Amino acid sequence: MQNQASSLKSGQIIAVISGKGGVGKTILATNLSAVFLEYGKKTLLLDADVGFTNADILLGSHPKYTLKDFVNHKCSIDNLITPTKYGIDFVSLGGDVGDIITANEIVLRDFAINFLKLLDSYDIVIMDMPPGFSEFYMPFLSLVQDFVVLTTIEPTSVVNTYTIIKLLTVKGVTGENIHVVANMVQDVKDATKLLERFIEVTEKFINSKISSVTIVKDHPLVLKSVYDRELFVKKYRNIQPTFSVIRIASNILKLSQSTRQRENLFDKFIKLFRGA
């Protein structure tokens, strides 16, 4: 199995995270996936927002199987992939990660190898993570090269965003891998001032530069696209939120690909599930 693990190559894995819920994380993750696909990147969206999975609604595709089914031997790894009308492939984590964490060593290693093989068949993998931070998800976060941290300019959201960035840096993530996105902004001038101060304080604490900062304005057509179960980057090409999502994707693609060896990631993936 170790030989299989060491043969895996590395794609670009992106986590969309937030300090709290209700900031538009899944809307961003689904639309960002569509933009990467337009850049010619084979893209997979992994919905890991357990308990609040709704990416399937926005994509108009409902998965028959989840990762939990694979761990419980109810399907093959390929059965997890649900195609969508946009060309994005979609996988749901399903239920919770309890079954994976409590699996025996053979099941866990089989899951890890097949899961990483699944990810490695894509140019871009976007993980739509639950709000907040949980050690349960560290095995998945250990695979990530870029973190898109979503916030609003509402005070509690900003504080939670600061906290989650600090937690990421404690886990070894540097500012160059963090992209801050302020969503649903109504007053760009006020938001810009707040973000400048926020980034200044954050960079001083983490002792590194944040890779990018993007403002996504509040727009009625974004909400309309949700009700219509459409992706706004596809339906409304000339609105500011679409331009902003394209900018986020462009910023991420400008970064050089990670040179980390997948063998090391495989070992780390296993150890983190075991709480090592």
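This one's a predicted model, so the numbers in the text were calculated from it and none came from an experiment.
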Would you mind writing out the side-chain donor-acceptor pairs for residues 186-199 within the sub-3.5 Å range, not counting sequence neighbours?
unit_1	atom_1	unit_2	atom_2	d
Asp187	OD1	Lys189	N	3.1
Asp187	OD1	Asp190	N	3.0
Thr192	OG1	Val188	O	2.7

For the residue pair [X] and [Y], establish whether any side-chain heavy-atom pair is separated by less than 4.5 Å.
| X | Y | value |
| --- | --- | --- |
| Asn183 | Leu28 | no |
| Lys171 | Leu141 | no |
| Ile124 | Leu253 | yes |
| Val226 | Leu58 | yes |
| Thr151 | Tyr162 | no |

Is it true that [X] and [Y] fall in one hydrophobic cluster, defined by side-chain heavy atoms closer than 4.5 Å?
| X | Y | result |
| --- | --- | --- |
| Val159 | Phe147 | no |
| Val201 | Ile206 | yes |
| Leu221 | Phe243 | no |

What's the separation between atom [atom1] in [X] and atom [atom2] in [Y], rounded to the nearest 0.5 Å?
| X | Y | atom1 | atom2 | answer |
| --- | --- | --- | --- | --- |
| Ile17 | Asp128 | CD1 | CG | 11.0 Å |
| Ile252 | Tyr39 | CD1 | OH | 10.5 Å |
| Leu44 | Phe36 | CG | CZ | 13.0 Å |
| Leu59 | Ser33 | CG | OG | 7.0 Å |
| Met129 | Ile14 | CE | CD1 | 13.5 Å |
| Thr202 | Ile178 | OG1 | CD1 | 9.0 Å |

For [X] against [Y], the heavy-atom pair lying closest together:
| X | Y | value |
| --- | --- | --- |
| Thr152 | Ser157 | N-OG, 3.1 Å |
| Ser208 | Thr174 | OG-C, 4.1 Å |
| Gly21 | Pro131 | N-CB, 3.5 Å |
| Ser225 | Phe232 | OG-CB, 3.6 Å |
| Thr161 | Leu150 | OG1-O, 4.0 Å |
| Leu231 | Ala34 | CD1-CB, 3.8 Å |

Is it the case that the side chains of Ser92 and Thr66 hold a donor-acceptor pair, with the cut-off being a distance below 3.5 Å and no angle test?
no
Any side-chain donor near an acceptor of the partner, Thr163 and Asn160, under 3.5 Å
no
Examine distances only and state if a side-chain atom of [X] and a backbone atom of [Y] form a donor-acceptor pair shorter than 3.5 Å.
| X | Y | result |
| --- | --- | --- |
| Glu203 | Lys209 | no |
| Ser250 | Arg247 | no |
| Thr242 | Asn238 | no |
| Lys25 | Val16 | no |
| Asp69 | Cys75 | no |

In this structure, which one of Thr214, Asn251, Asp146 forms a side-chain hydrogen bond (donor to acceptor under 3.5 Å, both in side chains) with His179?
Asp146
Is the NZ or CZ atom of Lys74 positioned over Tyr65's six-membered ring, under 6.0 angstrom from the centre and within 45° of the axis?
no
For Tyr227, which fellow cluster members are found when Ile, Leu, Val, Met, Phe, Trp and Tyr are connected by side-chain heavy-atom distances below 4.5 angstrom, either directly or through intermediates?
Leu223
With clusters built from Ile, Leu, Val, Met, Phe, Trp and Tyr whose side-chain heavy atoms come within less than 4.5 Å, directly or transitively, what are the remaining members of the cluster of Met184, listed by chain and number?
none
Determine, stepwise, if the pair Phe115 / Leu46 fulfils side chain to side chain contact (heavy atoms under 4.5 Å, CB included).
CA-CA 11 Å; Phe115 178 66; Leu46 173 66; 3.9 Å; yes
Show your reasoning for whether side chain to side chain contact (heavy atoms under 4.5 Å, CB included) applies to Leu116 and Leu143.
CA-CA 9 Å; Leu116 294 177; Leu143 306 174; 3.7 Å; yes
Side chain to side chain contact (heavy atoms under 4.5 Å, CB included) between Lys224 and Lys235: does it pass, once the steps are laid out?
CA-CA 10 Å; Lys224 185 177 187 305; Lys235 192 169 184 179; 4.2 Å; yes
Atom pairs and distances, donor-acceptor, side-chain atoms in residues 77-84, under 3.5 Å, two or more places apart:
unit_1	atom_1	unit_2	atom_2	d
Asn79	OD1	Ser76	N	3.0
Asn79	OD1	Ser76	OG	3.0
Thr84	OG1	Tyr86	N	3.3
Thr84	OG1	Ile88	N	3.2
Thr84	OG1	Ile88	O	2.7

Apply salt bridge (charged side-chain N to carboxylate O under 4.0 Å, His left out) to Lys85 and list each qualifying residue two or more places apart in sequence or on a separate chain.
Glu230
For Glu38, side chain to side chain contact (heavy atoms under 4.5 Å, CB included) partners two or more places apart:
Lys234, Arg237
